[in-house]
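Scroll down for the structure; my scribbles are underneath it.
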Amino acid sequence: MEKIKDYRLYLAFLALFLILLPVGNLLGLVSTNTISLWGRYFCFAIVAIGVDLIWGYTGILSMCQAFFFCLGGYALAMHIVLSGAGASNGSDLPDFMVWNQVQSLPFFWVPFQSFGLAIILGLLIPAAFAFVFGYFIFRSRIKGVYMAIITQALALAMWLLFLRNETMLGGTNGLTDFKSLLGFSLSAANVKLGLYLLSLILLCCFYYLSKKLVNSKFGKVLQAIRDSESRTSYTAYRVLDYKLAIFIFSAVLAAVAGMLYAPQTGIITPGRMDVKASVEMVMWVALGGRGKLKGAILGALTVNFLYSICTSLFPDSWLFILGFLFVITVLYFDKGFFGAIEALGEKLKRKPVPGRPVSEHESVQS
Amino acid sequence: MKYIGKMLLGLCLCLLVLKNASGQSDSLGIYVGNVINPPNDSARAEALQRLVAMRDPKTFPFLGAINGKKIYLFRGKSVTTGEAEEIDGKELFPLYFLYPEYKPVNDKAGKQMKTSTASLEKANISRSDRLLLNPVLPYLNLANPDPKKRSIAYGQLLNASDSTRITILAGALNLEQDQDALTAGKEVLYQMKLNIAASEQEAKAYMDSLDNNWGENVTVILKEYAATGKVAGARAYAAEKVAGFEVLQGRITKAQNLFSGISLGSILILIALGLAIVYGLAGIINMAHGEFMMIGAYSTFCVQSLFMEVLGIRSDLFYFVSLPVSFLIAGVFGLILERLVIRHLYSRPLESLLATWGVSLILVQLARSIFGDLTAVKAPSFLAGGWQVMPHLILPYNRLFIIGLTILVVSLTYLMLYRSRLGIRIRAVTQNRSMSSCLGVETRKVDAITFFLGSGLAGMAGCAMTLVGNVVPDMGQTYIVDSFLVVVTGGVGKIAGAIVSGLGIGFLTKVLESFYEAVYGKVLILALIIIFLQFKPRGLFPDKGRIAED
């Protein structure tokens, strides 16, 4: 019963985004702008899966996912900027370096000249960062609120670091003026559609993978850690390893999303990685329904879609709306929209059969 | 050695003054008179030429007024006008005599005269006559009413090629009243004399004078002399002095960093104190805490506007009113938040973090739509300036005030927590909520009161913040992460923890900033905190005893 409902949902989702929107775009009914916008939403949805894995399933509130997101984004952006540099200013340096009177390419930019290395580094750096940072934090048993605060401080410090000009990452303006990637012009409509489809397919892949993950034994241990960390460790599970693994995995997910995001948006700035950005990512999951992968994706898509509508209709009030959504969700919809919809469905279904036992699902969540 | 130099110099100055006083002043007066009321056509030009040739600093205000075409006649004497003031819709100018002394023109009651320019008789001095002033133009600023401009003019004399510049400068310094300008001028004078000094003894004497005078550029001057000085024997002496100065300068910089570290730390303490108490008591992570600080700052701004614009009281009184007002308003906002939102989230720290983040978004946007992007509170005048501990080491009063306020507030909080019935209840609920509830403590009420107090403390911190920075809607967010770090390192719900770690973090930030850039300082601090938590995961002052988790 549950399975059939799920399949219907997947089919509807795929029919809408994999067939309806692209075909509409090819026929000229849906603008390329809309396609590009939804492509970006899918990137956010990939981050949201990562946040849900680490927060919803493992109970670790990480507030630096936006930083990992930007590490991935910057890695690919550096490659794009480098490959397009020669044409605009004669030297093989990016524009902003020429303006800052930099003579030669900084050493850490050199590997990004190759596409393959840029992708590998874009995944490896966030993973290494998550490993080192996570190892020290989890080792000293920092958890709960402390974890949230420390990761927030990390996001703040890194944001400040990326804002500086002398870190050679473009300062406040970030990296922009992307021309082509692997020979494809990034402004062409076909390429945009291609990136959209790539994001969608990767989103589906990661969803499938994560679904398998949370239903595996590994995922069960994660949920055990969420529900009672000390009891899990008493039963001889190495909690540190599990937490570290899922932290690294979610960092890599965020980095992949960042890599897809940068070429579609055409710019990546430190503004994407400040504390606010990370909290918003957590909020997508909270709004959608944490502890449910579908909820995380739904939350990311809905909030960002709302954001686009609201900022064009009433620009000043977006923060009010978002703020109220935060408060109301936390206070009244503990399990997010998805949880609320399901609860409503349960209620409607329950009426005809009064003596129905409480479902297993409800008793687990507390 | 120092005294010989001083005596020599005193002698020089005396001689100069005497020389000026004896014969010159009579003829100066005659020439000045001739410029204002020339007996015949050529007399004005001739008198001007004479005055220019004499280069007496006493006449510079007079010549400057001629050059600036701001010279008028008043009761047969030459006067000039100061900055215009608007009184009863009319533009009035204060008057100043120019010669023999630059001083305000007083009326019979002893107050400075203020008139409009229409009622004054303008002294018409032709352009060709004014051109005669060209040789002295570089010196006219030596008599500028603004001490800062005079200091600059003294410095510019160094580049003048005039052989009489030392005499001119000494004469001008003789009339100098302002202490800072005098120091700057003397430095230039000694530097000129040092550069022409022929004997070793003379050069050393001037170096001592420079040392005694201790102006802004003394290290640079001595360094230059140590490298390229005329008297080879005195160079080593100059180098020795430079080394001494650099040690001293290093110490002063250290003292200044220490001081700003303490003052930053005390702001952090003010913010973190409320945060620590509330978190310890109810397990609430209040991300909107920084916004209570913002509310406190805006209340101060409102009180100031009320005083200045509505009541028309232009005094510093507003600040004393705004301290309790900002406490109350921020506290009431905190109480409202507690009743509406926080109440439902006790002991669910992660949820409270998210919900209060939403509240903070709303409050920031609210402040932005009411007050706009940037407002500033005018700091009360009694906090302007600073306490000069020694030359070149000034501790600003506003920072001293913040430190004092912090000490006061922390002591009051301590007394409240450890010496009052309310404090006992708060500590009881912090230690064991259900047990205190069983023993008849109204925990909900204690929660509300604590929240009120914590938010009020943040509001007061906001009021203090207006002294050192602008009032902007997102001012709270810049401090919130730092203050949470203070809570984390200090240990939960401990006043001592908040104080020690607040001071420590503020202090380290400033010290690291002086070694590295501000940003790297922040990264280092974070690294240090993470390392620290490896050894003390429950903060500086953890609860004693073994409490099973979960």
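Residue numbers begin at 1 in each chain, while the letters A, B, ... track the order of the sequences.
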Do the ring centers of F292(B) and F333(B) come within less than 6.0 Å of each other?
no

With only heavy atoms counted, which part of L485(B) is less than 4.5 Å from chain A, the side chain, the backbone, both or neither?
both

L526(B) portion near chain A, given a 4.5 angstrom heavy-atom threshold:
side chain

Which atoms of F324(A) approach chain B - backbone, side chain, both or neither, heavy atom under 4.5 Å:
both

Structural part of L363(B) lying under 4.5 Å from a heavy atom of chain A:
neither

What residue, out of E351(B), M287(B), H344(B), R368(B), has the most heavy-atom pairs lying under 4.5 Å from chain A?
E351(B)

For the backbone of W55(A) and the side chain of T58(A), can you confirm whether one donor and one acceptor N or O come within less than 3.5 Å of each other?
no

Non-hydrogen atoms of chain B under 4.5 Å away: do they reach the side chain of A148(A), the backbone, both or neither?
side chain

Using heavy-atom distances under 4.5 Å, tell me whether L154(A) contacts chain B through its side chain, its backbone, both, or neither.
both

What distance do D227(A) atom CG and L222(A) atom CG have between them, rounded to the nearest 0.5 Å?
11.0 Å

Check whether more than 12 heavy atoms from other residues, nucleotides or ligands sit under 6.0 Å from atom CZ of F320(A), and answer yes or no.
yes

Taking side chain as everything from C-beta outward and backbone as N, CA, C, O, which of these in L156(A) sits under 4.5 Å from a heavy atom of chain B? Side chain, backbone, both or neither.
side chain

With a 4.5 angstrom heavy-atom cut-off, could you sort out which part of M147(A) is near chain B: side chain, backbone, both or neither?
neither

Taking all non-hydrogen atoms of both residues into account, name the closest pair between F162(A) and P270(A) and its distance.
O-CG, 3.8 Å

Please classify the contact of L331(A) with chain B as side chain, backbone, both or neither, using a heavy-atom distance under 4.5 Å.
side chain

Is the centre of the F484(B) ring less than 6.0 Å from the centre of the Y279(B) ring?
no

Quick check: does any side chain N or O of D52(A) sit under 3.5 Å from a backbone N or O of G291(A), one acting as donor and the other as acceptor?
yes

